[in-house]
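Notes for the one structure printed next.
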Amino acid sequence: KRISRPSYNDLASFVRYADPSAVFTGNPLLKPTITNNIKLGYNYGQYTFSLLFSRDDNPIARYMLTESPQRNLLFVSPQNLAWQNNINLQANLPFTITKWWTMSYSLTGGWYRYRILHTKQPFTKSYMGWNANATQSFNLPARFTVELSGWYNAVSYRGTVKVDGMGALNAGIKKELKNKGGTFQLSVTNLLRTMQVHSYFGAVTEEAFNITNHVAFNVES
């Protein structure tokens, strides 16, 4: 059992204007999220597998759209969902190919279902989601180590917002000095500049002021 409390910024009622008719603000009426879960795990050598069942009451979804009572201002603020149920299957799979080459894979996938009440029409949403992480490590001569890693998140939903699948490839090289004299390391994230966050408002249900919007956010390497 776990409690997740809203942050100060989630609760603070000060406003930041995005334009004359829309503001970013907190929500002082937010409730904490209460999570109940049960997890079944199995280890086979270095491999681990688990099945997780969880129930969140009042989960917090950020950047939700609501209208002012006078219908002259748009609020972008965090809101409590009614509940969310999750069933997740997780697997961690490390492999040693040779003395100088190791790899590791982490996979999570499952079924999600949640209920929203703050929209014009309350609704329940169900979907399947998954994500994967992979790491390749190479131990080279002269105490050099090279590592490649990547991740991918499938299509997901955050409250009333749909988020497209996205991923990134990272790379790094490390040089260890003699006699434990230290290390030099160079790493680059989002190597191929593929981490692009595409969010869609109005794709799940009717939003405030009937807004339909596509927000694209490109992360620099």
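Position 1 is the first residue of the sequence; numbering continues from there.
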Worksheet item: Would Thr160 and Glu207 count as a side-chain hydrogen bond (donor to acceptor under 3.5 Å, both in side chains) if you check the C-alpha gap in whole Å, the side-chain angles of each, and the deciding distance to 0.1 Å?
Response: CA-CA 8 Å; Thr160 63; Glu207 296 278 13; 2.8 Å; yes

Fill in: Full working for side-chain contact (heavy atoms from CB on, under 4.5 Å) between Trp100 and Thr102
CA-CA 7 Å; Trp100 53 270; Thr102 60; over 6 Å; no

Worksheet item: What do the steps show when you test Ile60 against Asn58 for side-chain contact (heavy atoms from CB on, under 4.5 Å), and what is the final call?
Response: CA-CA 6 Å; Ile60 297 172; Asn58 302 312; over 6 Å; no

Item to complete: Under the salt bridge (Lys or Arg N to Asp or Glu O under 4.0 Å) rule, what do Glu67 and Lys120 come out as? Steps first, then yes or no, please.
Response: CA-CA 10 Å; Glu67 303 174 4; Lys120 293 182 176 181; 3.3 Å; yes

Discussion item. Evaluate Val163 against Arg158 for side-chain contact (heavy atoms from CB on, under 4.5 Å), listing each step before the verdict.
Written reply: CA-CA 7 Å; Val163 182; Arg158 187 185 70 247; 3.8 Å; yes

Item to complete: Evaluate the side-chain contact (heavy atoms from CB on, under 4.5 Å) criterion for residues Leu11 and Asn27: first the C-alpha distance (whole Å), next the side-chain angles of each, then the deciding distance (0.1 Å), finally the verdict.
Response: CA-CA 5 Å; Leu11 295 169; Asn27 181 358; over 6 Å; no

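For Thr194 (side chain) and Gly167 (main-chain N/O), a donor-acceptor pair under 3.5 Å exists by modelled atom type. Looking only at distances, no side-chain donor or acceptor of Tyr114 sits under 3.5 Å from a matching main-chain atom of Asn85. Of the possible polar contacts, one joining the Asn80 side chain to the Lys31 backbone as a donor-acceptor pair under 3.5 Å is found. Counting only distance, with no hydrogens or angles, the side chain of Ser68 and the backbone of Leu73 share a donor-acceptor pair below 3.5 Å.
For Lys175 and Phe144, the positive end sits near the middle of the six-membered ring, less than 6.0 Å away and at most 45° from its axis.
Contact between Trp101 and Gln136 at its shortest, heavy atoms only, is NE1-OE1, 2.8 Å.
Scanning for side-chain hydrogen bond (donor to acceptor under 3.5 Å, both in side chains) contacts around Ser77 gives Gln79, with sequence neighbours left out.
Side-chain contact, Lys1 with Asn36: a donor N or O sits under 3.5 Å from an acceptor N or O.
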Run the side-chain donor-acceptor check on residues 44-54: report pairs under 3.5 Å with partners two or more places apart or on a different chain.
unit_1	atom_1	unit_2	atom_2	d
Thr48	OG1	Asn92	ND2	3.2
Ser50	OG	Gln90	OE1	2.9
Ser54	OG	Asn86	ND2	3.1

Distance-only check: which donor-acceptor pairs under 3.5 Å involve side-chain atoms of residues 121-133, not counting sequence neighbours?
unit_1	atom_1	unit_2	atom_2	d
Thr124	OG1	Arg115	NH1	3.1
Ser126	OG	Arg113	NH1	2.6

Just list the side-chain donor-acceptor pairs under 3.5 Å for residues 13-21, sequence neighbours left out, or say none.
unit_1	atom_1	unit_2	atom_2	d
Asp19	OD1	Ser21	N	2.8
Asp19	OD1	Ser21	OG	3.1
Asp19	OD1	Ala22	N	3.0

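Interatomic distance, Asp10 CG to Leu30 CG, rounded to the nearest 0.5 Å: 6.0 Å. To the nearest 0.5 Å, the span separating CG on Asn170 from CG on Asn190 amounts to 7.5 Å. Atom CZ in Phe95 sits 13.0 Å away from atom OG1 in Thr135 (nearest 0.5 Å). Note that CG of Leu81 is 7.5 Å distant from NE2 of His118, once rounded to the nearest 0.5 Å. Within the model, atoms OG1 of Thr183 and CG of Leu177 stand 7.0 Å from one another, a figure rounded to the nearest 0.5 Å.
Both Leu65 and Tyr63 are members of a single hydrophobic cluster when ILVMFWY side chains are connected at heavy-atom separations under 4.5 Å. Hydrophobic clustering (ILVMFWY, side-chain heavy atoms < 4.5 Å, transitive): Val155 and Met195 are in distinct clusters.
Using a 4.0 Å cut-off between charged nitrogen and carboxylate oxygen, Lys174 and Glu147 do not count as a salt-bridge pair.
Ile34 belongs to a hydrophobic cluster with Ile3, counting contacts under 4.5 Å between side-chain heavy atoms of Ile, Leu, Val, Met, Phe, Trp and Tyr, direct or through other members. If you chain together ILVMFWY residues whose side-chain heavy atoms come under 4.5 Å of each other, Leu107 ends up in a group of its own.
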